[in-house]
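This one's a predicted model, so the numbers in the text were calculated from it and none came from an experiment. Residue numbers begin at 1 in each chain, while the letters A, B, ... track the order of the sequences.
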Amino acid sequence: MSEQRYDPREIEARWQAVWADEHTWEVSNGSQKEGGGMRSRPPTTTTTMRTPRDKAYVLEMLPYPSGEPHIGHLKNYTIGDAIAHFKRRTGHRVLHPMGFDAFGLPAENNAIKTGVHPRAATDESIEQFQRAFRSWGISIDWSRELATHEPEYYRWTQWIVLQLYKRGLAYRKESAVNWCPHDQTVLANEQVIDGRCERCGHEVELRQLEQWFLRITDYADRLHDDLDTIDWPEYVKTMQRNWIGRSVGAEVTFHCAELRIDYPVFTTRPDTLFGATFFVMAPEHPDVLRLAAGTPGEQAVHRYVNHTLTESAEDRSSTDKPKTGVFLGRTVTNPVTAEEIPMYVADYVLMEYGTGAIMAVPAHDERDFAFARAYDLPIRQVVAPKDGSPIPADEAYVTKDDDAVLVNSGEFDGLTPKEGLERIIAWLDREGIGHASVNFRLRDWLVSRQRYWGCPIPIVYCDDHGMVPVPEDQLPVRLPDVEDYQPKGRSPLATAEDWVNTTCPECGGPARRETDTMDTFVDSSWYFLRYCDARNDDAAWDPAVLREWMGVDQYIGGVEHAILHLLYARFFVKALADMGLLDVQEPFDALFTQGMILGPDGHKMSKSRGNVISPSPLIEHFGADTVRTYILNMGPPDQDAAWNDNALAGAHRLLSRLWTLADEIAADAGRAGSNPSTDSESLQQPVDPAGDALALVRKANWAIDRVTSEFVGRFGFHNSIAAVTELVNDLYRYPEAEFEARKFAVATAASLIFPFAPHLGAEVFESLTGRRVWEEPWPAADAAMLVAETFELVCQVNGKVRDRVRAPSGAGRDELEKLALAAPGVMQHVDGQDVIKVVVVPEKLVNVVVR
RNA sequence: GCGGCUGUGGUGAAAUUGGUAGACACGCAGCGUUCAGGUCGCUGUGCUCGCAAGGGCGUGGGGGUUCGAGUCCCUUCAGCCGCACCA
């Protein structure tokens, strides 16, 4: 037994230095742009260089640099790194870059508290992240590093926004927007959770403000439909579909004869039009007060509207709240029945969806039913079960099924709801009072923020020329320094007078700069494009280079971005594709969402709970390989899992045992006079092994098969590690096996563990073969070694296992049946009963059915 | 309420197409090594009856299909996540 011990500190430092010095993980932009200032590896043989290889773009969501990285980052990058290594060793040119999402509120809030410039705090944090990533051994192409707060980056963020502006996809508009009184800024719809700011938790207010929007709604249909083309977790797609909220139906015009005004409404149930017995408008509808003017109920309408507008979004949107509303004193005409139906204002109708007004069909809509009950309005049934059974009296009958038919609907009686819907839409079309229509819940993306630490919006305002985009050759509009970051309801940039006052690009006259900055989600909506051509100073990217790398083959990140970032990035890609700037329709072909690491107590880690596990002391003590291996061994990586120090020690034990095996083999080789570290032959499987050696070689091939299947499958790396563990356990079980077989098995274990524990994998593989494991092709299982000459035949009687016997592989059905019937356990349980049937599954089992 | 997902030992979990339930790890118990151990190695470990050999029961509950069900179907319960007056 050797006196040496596994010393991750020394091993990891050595390999990290090799990878940094040799720029091992850097990849060039291939044929399109040779060189181009890119550091590239010294040319090897030209023949291999010319061989075209498939590309693989493996990407983890870029981190927001705040303080030190946490354990969740380590998990994210460990998963991505394993995939990147596997792709490299299976013949791909792998793009695996890293950058930083550097603008954002936390750095700015910190600046308000401490006076430290957000740039200083951010840059310091970025350095900590860079150090951490190197100490974790993540195989990153650092030559493409970017940070969104650098002018070299945000210059192009501004350029993209100007392209959107040119095409009418970026616009400025006054509207009721979400305002967070704590963060003193507006928020996108996506950033409001249950009426509260997703950052600070304060209740948001609605304010009428002029703001910048991106026209994401133009892409609602494509964002919805193209989800079918990408390999994402189903639940993420569902969340996006729900958020986009596509509803198919019709727009129907209701006419108010008294005031001669048309009111279109959106409905998903035009088939129930004959049952529309009243009409409801949202309190914010601009015509509400005008309609009520001069009616007896005018004062009541005023009171109701004022009351609703002061109510918080949270209170108003509670579903179990009783329905309230007020009669507007007017009527509209139901276009199919020609009846005059009363108009109401009620807060259950939302101004921001559809047209802000609805036709109410109380018999077949729960909300309308509740309202009709409360205000004693007529309820007319227009859909009935086909079999003539009555509908429930105390709830709305909501069905579109084929076992129902329209009633009380004139010429449409007897049709199913589906047929009725089509026929009524056709009729509305002919009459010119309606048409088929699709509605979306998705709103345009509000991107302006009244905050300092963000990308300036490249627009100036001129008295004569109005809104003028900054010419592209004057980009970037640099973020100026300011004295006071404190938000005061307008952007802190407004205080930078020298910066704000500028000249109009059109006329040279005095003009003022836009002082709002952009939502940081704009920055991160295109960073994956910039990685492809990160050092390009002439353009955001060369489309030819994008053609080479996009789309991202595997994206890895947290679920928290299921809607925001992932939807915005998809929108950007589609808009840029429409401009001819890139060729793909989707940014991320496959998505993997990792689960959270919970504290040892099973709760989400938080300072207040005191259950935070910090990576750096663990790395210090156990080494990066151990922590990485443990994190992947915790369970399926898409699942949440609680931290467990004992299990971490278990991962360390595995690596330590593997290292010890390699150390022993090196010692054995020394005794035998062959020095393995100068043997630079590729790893060879021993020829015709027997006995223990054969068992080891078989196990090694089984492990290859098992580990590989997880990479092409569901990324269940805990199973991969379990397979390597079994191989290592067997090496301890057969200590007397022939030297070549042991060496092969240990080197295979090292090769297979490399994507998870790269330093140890490289160390052990090199000590046994003299070769660099990352330059070796991924091992292929020898099919001949995956089957043994005999197998354990499971013998069942009536489905219960009664015996197991050895049977030769490839044995025929008759032979297996004979073996099973002769097995003592089977004979005992058959015991004279009639054998009705014998089921034989070759290579597996025999089931004897008796009565 | 609607939509999605998940229920397997003391714990995290595994189980190609329906074919040996519990691989691997943690924990626990025992043995050995060690001056010592938060070390290393080995053995055992679903529950239950039994000294043992050997039975019986077991994948949230109930039912079904099948020679055979953790896996498929129906039903029910529990938990997690998302959406939540979206017409």
Side-chain angles (χ1 to χ4, degrees), chain A residues 1 5 193-194 233-243 245-247 249 265-269 272 276 280 282 316-321 323 346-350 352-361 364-368 370-371 439-443 559 562-563 602 629-630 633-636 638-651 653-654 656-657 660 705-706 709 713 716 718-726 728-729 732-733 735 792-804 825 828 836-850:
Chain A
M1 190 66 180
R5 290 190 55 152
I193 313 292
D194 293 332
E234 205 45 56
Y235 79 103
V236 176
K237 292 194 195 180
T238 303
M239 283 168 73
Q240 292 219 347
R241 279 191 201 103
N242 289 344
W243 187 261
R246 184 183 139 102
S247 295
V265 300
F266 174 75
T267 175
T268 53
R269 297 295 305 273
T272 63
V280 192
R316 188 176 157 184
S317 67
S318 106
T319 26
D320 41 324
K321 199 180 87 164
K323 296 274 176 291
D347 67 359
Y348 80 92
V349 175
L350 310 173
E352 59 269 22
Y353 187 76
T355 62
I358 61 155
M359 66 176 212
V361 183
H364 308 291
D365 181 281
E366 283 170 39
R367 297 151 301 177
D368 298 341
F371 192 83
N439 231 293
F440 295 94
R441 206 184 81 114
L442 184 70
R443 299 273 77 93
V559 211
I563 297 176
T629 304
Y630 165 60
N633 206 28
M634 289 175 89
D638 54 350
Q639 213 166 281
D640 293 351
W643 188 264
N644 179 341
D645 277 323
N646 288 317
L648 172 70
R653 200 168 302 133
L654 166 66
S656 183
R657 277 156 68 86
T660 302
D705 192 51
R706 191 92 181 79
S709 70
H718 58 308
N719 294 327
S720 306
I721 292 164
V724 176
T725 306
E726 285 197 49
V728 169
N729 286 348
Y732 279 80
R733 195 163 295 143
E792 189 173 65
L793 178 70
V794 172
C795 307
Q796 298 180 329
V797 177
N798 287 347
K800 290 195 175 181
V801 180
R802 294 304 181 184
D803 212 334
R804 294 150 212 258
Q828 189 190 328
I836 304 170
K837 187 177 177 182
V838 179
V839 181
V840 180
V841 183
E843 309 301 314
K844 280 220 169 79
L845 61 74
V846 173
N847 186 18
V848 180
V849 185
V850 299

Looking at every strand, decide which applies to A:Gln796 at a 4.0 Å heavy-atom threshold: base, sugar-phosphate, or nothing. base
Scan A:Val349 against the nucleic acid and name what it touches under 4.0 Å (heavy atoms): base, sugar-phosphate only, or nothing. base
Find out whether the Lys NZ or Arg CZ of A:Arg657 is both under 6.0 angstrom from the six-membered ring centre of A:Tyr732 and within 45° of the ring's axis. yes
Does a side-chain N or O from A:Arg441 land closer than 4.0 Å to OP1 or OP2 of B:C83, or not? no
Any strand: nucleotide that pairs with B:C31 via Watson-Crick or wobble, under 3.5 Å: B:G41
Using the P atom as the point on both nucleotides, what is the distance between B:A23 and B:G9, in whole Å? 13 Å
Measure distances between side-chain N and O atoms of A:Asn242 and base N and O atoms of B:C83, and say whether any donor-acceptor pair falls under 3.5 Å. no
For the residue pair A:Val841 and A:Val846, establish whether any side-chain heavy-atom pair is separated by less than 4.5 Å. no
Is A:Lys844 paired with A:Glu792 through a side-chain N to carboxylate O contact shorter than 4.0 Å? no
Below 4.5 Å, heavy atoms only, C-beta onward: do A:Arg441 and A:Asn242 meet side chain to side chain? no
Quick one: label A:Arg802 by what it contacts on the DNA or RNA (base, sugar-phosphate, nothing), any heavy atom closer than 4.0 Å. sugar-phosphate
Sugar-phosphate, base or nothing in reach of A:Val849, heavy atoms under 4.0 Å: sugar-phosphate
Pairing check on B:A52: which nucleotide meets the Watson-Crick or G-U wobble criteria with it, both distances under 3.5 Å? none
Charged tip of A:Lys323 within 45° of A:Tyr348 ring normal and under 6.0 Å: yes
Base-pairing assignment for B:U59 (Watson-Crick or G-U wobble, both under 3.5 Å): none
Please name the pair of heavy atoms, one in A:Gly825 and one in A:Asp803, separated by the smallest distance, quoted to 0.1 Å. N-OD2, 2.8 Å
Nucleotide opposite B:U6 in a Watson-Crick or G-U pair, distances under 3.5 Å: B:A78
For A:Phe440, report the nucleic acid contact type (base, sugar-phosphate, nothing); a contact means any heavy atom under 4.0 Å. nothing
Under 4.0 Å, heavy atoms only, any strand: does A:Arg657 hit a base, just the sugar-phosphate, or nothing? sugar-phosphate
Measuring only the P atom in each nucleotide, how far is B:G61 from B:U11? A whole number of Å is fine. 15 Å
Whole angstrom is fine here: how far is it from NE2 in A:His718 over to P in B:A13? 8 Å
Using the C1' atom in both, what is the distance from B:G41 to B:U34, to the nearest Å? 12 Å
Expressed as a whole number of Å, how far does the C1' atom of B:G70 sit from that of B:G19? 13 Å
Find the distance A:Gln639:CD to B:G7:C1' and express it as a whole number of Å. 11 Å
Is the phosphate of B:G19 approached by A:Lys844 (side-chain N or O, under 4.0 Å from OP1 or OP2)? no
Of the listed nucleotides B:C24, B:G55, B:A14, the one nearest the side chain of A:Gln828: B:G55
Heavy atoms only, 4.0 Å cut-off, all strands: where does A:Gly650 land among base, sugar-phosphate and nothing? sugar-phosphate
At under 4.0 Å between heavy atoms, what does A:Glu792 touch on the DNA or RNA strands: base, sugar-phosphate, or nothing? base
Note: for A:Thr267 and A:Asp705 on RNA chain B, the residue whose nearest nucleotide lies more 5' is A:Asp705
Suppose you measure atom C1' in B:C77 against the same atom in B:A25; what distance do you get, rounded to whole Å? 32 Å
Answer with base, sugar-phosphate or nothing: what part of the nucleic acid does A:Asn644 contact at a heavy-atom distance below 4.0 Å? sugar-phosphate
Please report, rounded to the nearest Å, how far the P atom of B:A13 is from the CG atom of A:Asp640. 10 Å
Does the side chain to side chain donor-acceptor pair (under 3.5 Å) test come out yes or no for A:Tyr630 and A:Asn644, once each step is laid out? CA-CA 9 Å; A:Tyr630 165 60; A:Asn644 179 341; 5.6 Å; no
May I have the distance from A:Leu442 (atom CG) to B:C83 (atom C1'), rounded to whole angstrom? 15 Å
I want to verify a distance call: between B:C85, B:C67, B:A14, whose nearest atom is closest to the A:Asp347 side chain? B:C85
Where does B:G50 fall, syn or anti, if syn means a chi angle no more than 90° from 0? anti
B:G18 to B:U65 separation - C1' atoms, rounded to the nearest Å: 11 Å
Paired nucleotide for B:A25 [Watson-Crick or G-U wobble; both distances under 3.5 Å]: B:U11
Check whether any side-chain heavy atom of A:Val839 sits under 4.5 Å from a side-chain heavy atom of A:Val848, and report yes or no. no
Name the nucleic acid region contacted by A:Asn729, choosing base, sugar-phosphate or nothing; use a 4.0 angstrom heavy-atom cut-off, strictly under. sugar-phosphate
RNA chain B: A:Ala647 or A:Asn719, which has the more 5' nearest nucleotide? A:Asn719
Working note: A:Glu726 + A:Arg733, criterion salt bridge (Lys or Arg N to Asp or Glu O under 4.0 Å); need CA distance, chi angles, decisive distance, verdict. CA-CA 10 Å; A:Glu726 285 197 49; A:Arg733 195 163 295 143; over 6 Å; no
Distance check needed: B:G82 P versus A:Tyr235 OH, whole Å only. 10 Å
Roughly how far apart, to the nearest Å, are B:C35 and B:C40 at atom C1'? 16 Å
Integer-rounded Å distance: B:U16 C1' and A:Leu845 CG: 15 Å
For atom P, what is the distance between B:C81 and B:A13, given to the nearest Å? 16 Å
Can you tell me if the side-chain N/O atoms of A:Ser247 get under 4.0 Å from OP1 or OP2 in B:A87? yes
Taking NZ from A:Lys800 and C1' from B:G19, how many angstroms apart are they, rounded to a whole number? 16 Å
Can you tell me the pairing partner of B:A84 across any strand shown, Watson-Crick or G-U wobble, with both distances under 3.5 angstrom? none
Just the rounded figure in Å: distance from P of B:G12 to CG of A:Asn646. 15 Å
